[in-house]
Amino acid sequence: MLLLVVLDYSGSASGARRAKKRSSGESPGDGQTLRSSGRQINSKRKATDTEEEDDQSEKKYRKCEKAGCSATYPVCFASASERCAKNGYTSRWYHLSCGEHFCNECFDHNYRSHKDGYETFAAWKKVWTSNGKSEPSLKAFMADQQLPYWVQCTKPDCRKWRQLTKEIQLTASLAATYRCGMKFSNIKSEGPDQCSQPEDLRVAEVTDSWWHSMLILPPLFKESPASPFLAAYYPDCVGMSPSGSPFCEHVVYCLCPYFQPFYQPNECGKALCVRPDMMELDELYEFPEFSRDPTMYLALRNLILASWHKNCKEVLTSQKCALHIIVRGLVRVRCVQEMDRVLHFMTRKGLINTGVLAVKRPLLPERPNVIIIGAGASGLAAARQLQNFGTQVMVLEARERIGGRVWDDASLGVTVGRGAQIVNGCVNNPIALMCEQMGVKMHKLGERCDLFQEGGQVTDPAIDKRMDFHFNAILDVVSEWRKDKSQNQDIPLREKVQEVKKNFLQESGIQFSELEEKVLQFHLSNLEYACGSTLDQVSARSWDHNEFFAQFSGDHTLLTKGYSVLLHKLGEGLDIRTKCPVQAIDYSGDVVKVTSSNGSQWTAQKVLVTVPLTLLQKNLIQFNPPLPERKLKAIHSLGAGIIEKIALQFPYRFWDNKIQGADYFGHIPPSPDKRGMFSVFYDMEPQGKQAVLMSVITGDAVSAVRDMEDKEVVDECMKVLRELFKEQEVPEPVNFFVTHWSKDMWSQMSYSFVKTGGSGEAYDILAEDVQGKVFFAGEATNRHFPQTVTGAYLSGVREASKMSVM
């Protein structure tokens with residue numbers, strides 16, 4: 001019997017860090033008064049205990065055997081056995097925390113098969129082993145089932161912690177309404193002026209840093225909001241109790257399907273996703289004290305993330321989250337205290353309390369004032385975050401409007417984005433989050449894209465599939481080639497693609513037909529669309545550098561109301577000064593001076609630059625001192641890609657019969673020199689009545705239309721449409737627009753790409769701050785998600801986080 005006890009203790013105590021010994025006492029629960037420095041003697045003993053009394057008269061009491069435990073006079077919280085030692089002598093005290101112990105008699109009561117408590121322990125053990133992974137020890141049973149709950153008084157001028165009797169089950173609703181001395185079934189009153197009663201002395205110890213290191217078992221939450229998300233994990237591996245109630249599966253399905261904050265087991269490669277059973281590197285850096293046992297941190301972080309994704313329309317506070325910390329023992333006090341730190345960290349990182357959310361009270365302590373240059377997606381994202389944090393922010397925008405390269409046009413009867421309008425991959429995408437916050441619907445784009453030849457024929461899908469395979473095979477060979485190549489060995493992507501194609505045809509003896517060659521040209525035009533450039537400018541080594549990182553998965557969608565509704569919501573309540581082009585930034589002194597072209601001057605402690613890459617390349621802003629050579633080199637190693645758009649409104653939907661409800665259709669170029677000229681047409685309202693088509697101009701075609709009048713570009717587009725629908729009449733458009741991003745003074749580009757000889761590292765270098773005073777954001781500073789509004793937005797969130805720390 002003794003051997004079993006010793007094994008249980010030594011096994012549980014292994015790996016615990018030694019802490020400085022304290023001399024405070026431990027108070028009994030269940031309404032007993034606080035212990036004085038003297039030992040209380042239990043005078044009621046059975047006649048059969050005379051031998052034990054004689055022994056006790058010599059030993060008086062036994063200390064906790066846990067090295068460093070501050071409890072001089074342990075008290076048994078369990079009171080399970082009739083022979084419970086209470087606050088008297090026992091042959092062995094079992095340590096759960098520095099304020100919570102149980103005696104050897106209560107251990108025997110539950111552990112020995114002939115004792116009354118064994119059946120309860122055995123039933124719990126069965127549930128624990130079937131659901132969990134950790135050892136179902138008696139200490140785990142006591143912590144999970146027998147420790148009393150602690151709850152905090154909700155009265156603002158009290159906020160004292162009180163211990164509930166063992167019979168009371170803590171719930172979120174009880175935690176939200178509890179007041180000292182609250183009277184209801186099984187809860188004891190503490191007198192007429194209950195809040196004036198002193199708080200248990202053990203609570204003060206919980207706040208000390210050493211207290212956590214003396215915990216024998218980590219806290220495992222019951223009924224955590226994270227449980228519906230994490231059903232595929234062992235609960236005790238993600239901070240939850242295996243004895244908790246099984247979750248209801250329908251709970252998950254009522255959430256937005258695009259909210260998937262946690263990786264499922266064996267899943268990888270999903271952007272903005274975390275492992276619920278593992279701390280991320282930045283979390284370990286921020287919370288090194290949890291590196292040895294991250295369970296408490298994981299339990300809190302998972303609870304916070306799940307709570308945010310269940311309701312992203314309201315600010316998530318530590319008070320709201322604390323209500324859902326359901327765990328027995330004094331460790332609940334510690335968890336509630338740690339909640340503040342974890343929630344502030346996650347807010348600062350933009351993992352929660354983000355998007356278009358506007359707050360009434362600052363989310364973080366007061367921060368220095370900031371000037372943001374540029375009111376595009378990145379500038380507005382940073383401004384919204386910083387203002388929510390409590391920072392004084394001013395945004396300077398050169399244009400008369402906000403949005404930057406987001407510019408929506410409603411002149412054709414539907415919203416058409418002159419710039420961005422598509423969301424590529426909605427799962428965990430902050431754009432999808434903002435749409436959910438605002439109740440904005442996105443139109444899911446279908447996969448069907450029929451390819452039409454000039455002459456009106458529909459390309460056999462088998463040919464398209466075959467050439468798509470060859471196209472991807474060529475890119476796979478390029479990927480293999482670049483594995484051992486340095487930047488100095490880089491060549492243009494066009495050259496490498498042609499070389500691989502030539503070698504393949506020679507070695508295989510295959511000859512592409514004329515139609516197959518044209519279909520291949522269509523796929524190459526899509527590649528130029530993705531890069532925003534002709535392939536002779538793009539790096540063969542680094543053209544898809546971001547694919548090495550987890551990308552956004554799920555549906556591709558069209559924002560039928562445009563990105564502008566989101567960005568205008570982001571800008572609500574911000575101090576935005578339009579028509580203020582910035583000419584110079586002087587960061588040579590203690591504060592940063594910003595000068596506009598009309599001579600106006602402002603100062604701030606930090607400045608965030610979010611202008612497009614081209615404006616940095618052309619030195620439209622003068623920096624004093626000049627930017628570091630390393631940053632200038634990175635700026636010029638990236639290319640400023642350009643695509644243009646055309647949108648046409650027709651009197652009726654002439655394409656319906658042929659397209660049959662598809663969201664878009666492709667145009668096979670008649671020759672390589674026509675590649676990129678209206679290669680894809682998008683139906684801007686496929687299930688509606690409006691007759692609007694939008695197409696893109698990419699690659700070499702961009703320079704071909706650069707100096708054309710808008711009507712000339714429309715005429716060229718109409719020639720193509722009449723060829724694609726040759727079997728029917730195609731009416732003249734009643735309205736149209738053509739973009740000119742290459743001539744837009746404050747953009748001069750669409751999105752960035754890596755030029756030959758460059759690398760993806762340039763994006764990281766662009767994102768580096770200078771002297772902790774000048775910061776940079778924008779799609780060209782986001783290595784993981786360049787070329788997108790999502791990437792621009794996230795870069796603004798990233799810089800807001802950096803500025804709030806430095």
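A quick note: this is a predicted structure, and the numbers were derived from the prediction, not measured. Positions are given from 1 along the sequence. All values below come from the heavy atoms of this structure, side chains included, with hydrogens, waters and symmetry mates left out.
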Close side-chain approach of Asp468 to His523, heavy-atom, < 4.5 Å: yes
Short side-chain to backbone donor-acceptor contact, Ser679 and Ser525, under 3.5 Å: no
Tyr664-Phe681 aromatic ring centre distance below 6.0 Å: no
Within-4.5 Å side-chain heavy-atom neighbours: Phe736 and Val692: no
Evaluation steps, salt bridge (Lys or Arg N to Asp or Glu O under 4.0 Å), between Glu723 and Lys726: CA-CA 5 Å; Glu723 280 292 328; Lys726 202 162 190 176; 3.7 Å; yes
Pairs touching residues 686-715 that satisfy ring-ring contact (aromatic ring centres under 6.0 Å, His included), sequence neighbours left out: none
Test log, rule salt bridge (Lys or Arg N to Asp or Glu O under 4.0 Å), inputs Lys501 and Glu517: CA-CA 11 Å; Lys501 177 190 167 190; Glu517 189 63 52; 2.6 Å; yes
Flag, side chain of Lys631 to backbone of Ile765, donor-acceptor distance under 3.5 Å: yes
Distance flag, aromatic centroids of Tyr258 and Phe552, threshold under 6.0 Å: no
Exam field: side chain Arg418 to backbone His740, donor-acceptor pair closer than 3.5 Å: no
Stacked cation flag Lys645 on Tyr682, 6.0 angstrom / 45 deg: no
Salt bridge (Lys or Arg N to Asp or Glu O under 4.0 Å) evaluation trace for Glu727 with Lys658: CA-CA 10 Å; Glu727 69 283 357; Lys658 195 167 185 176; 3.2 Å; yes
Heavy-atom side-chain contact between Cys273 and Phe262 under 4.5 Å: no
Pairs meeting criterion salt bridge (charged side-chain N to carboxylate O under 4.0 Å, His left out) with involvement of residues 420-439, two or more places apart: none
Side-chain H-bond candidate by donor/acceptor type, Ser542 with Arg482, under 3.5 Å: no
side-chain hydrogen bond (donor to acceptor under 3.5 Å, both in side chains) partners for Asp656, two or more places apart: Arg653
Distance-only polar pair, side chains of Ser533 and Glu528, donor-acceptor under 3.5 Å: no
Under 3.5 Å side-chain donor-acceptor pair for Thr534 and Asp700: no
Full working for ring pair (Phe, Tyr, Trp, His ring centres under 6.0 Å) between His667 and Phe522: CA-CA 7 Å; His667 161 220; Phe522 168 80; 8.6 Å; no
Short side-chain donor-acceptor distance under 3.5 Å, Asp464 and Thr459: no
Glu397 side-chain N/O to Ile402 backbone N/O, donor-acceptor pair under 3.5 Å: no
For Leu794, the option from Asn782, Val789, Asn429 that meets side-chain contact (heavy atoms from CB on, under 4.5 Å): Asn782
Arg399 and Ser747 side chains, donor-acceptor separation under 3.5 Å: yes
For Ser564, the option from Asp409, Thr415, Asp408 that meets side-chain hydrogen bond (donor to acceptor under 3.5 Å, both in side chains): Asp408
OH (Tyr652) with more than 12 external heavy atoms under 6.0 Å: yes
Flag, side chain of Gln551 to backbone of Phe549, donor-acceptor distance under 3.5 Å: yes
Asp715 bridged to Lys711 by N-O distance under 4.0 Å: yes
Salt bridge Glu644-Arg706, side-chain N to carboxylate O under 4.0 Å: no
Sub-6.0 Å ring centroid separation between Tyr763 and His545: yes
Heavy-atom side-chain contact between His636 and Gln617 under 4.5 Å: yes
Crowding at CD1, Ile510 (>12 non-hydrogen neighbours, <6.0 Å): yes
Backbone of Ala780 reached by a side-chain donor or acceptor of Tyr751 within 3.5 Å: no
Lys743 versus Gln748, side-chain donor and acceptor atoms under 3.5 Å: no
Row check, Trp407 ring normal vs Arg401 NZ/CZ: under 6.0 Å, within 45°: yes
Asn657 atom CG, neighbour heavy-atom count above 12 within 6.0 Å: no
Flag if over 12 foreign heavy atoms under 6.0 Å of CD, Glu732: yes
side-chain contact (heavy atoms from CB on, under 4.5 Å) between Glu267 and Lys270, intermediate numbers included: CA-CA 8 Å; Glu267 189 179 33; Lys270 208 156 63 175; 2.9 Å; yes
Pair Arg783-Glu761, salt bridge (Lys or Arg N to Asp or Glu O under 4.0 Å): steps then yes or no: CA-CA 7 Å; Arg783 186 176 187 175; Glu761 187 186 5; over 6 Å; no
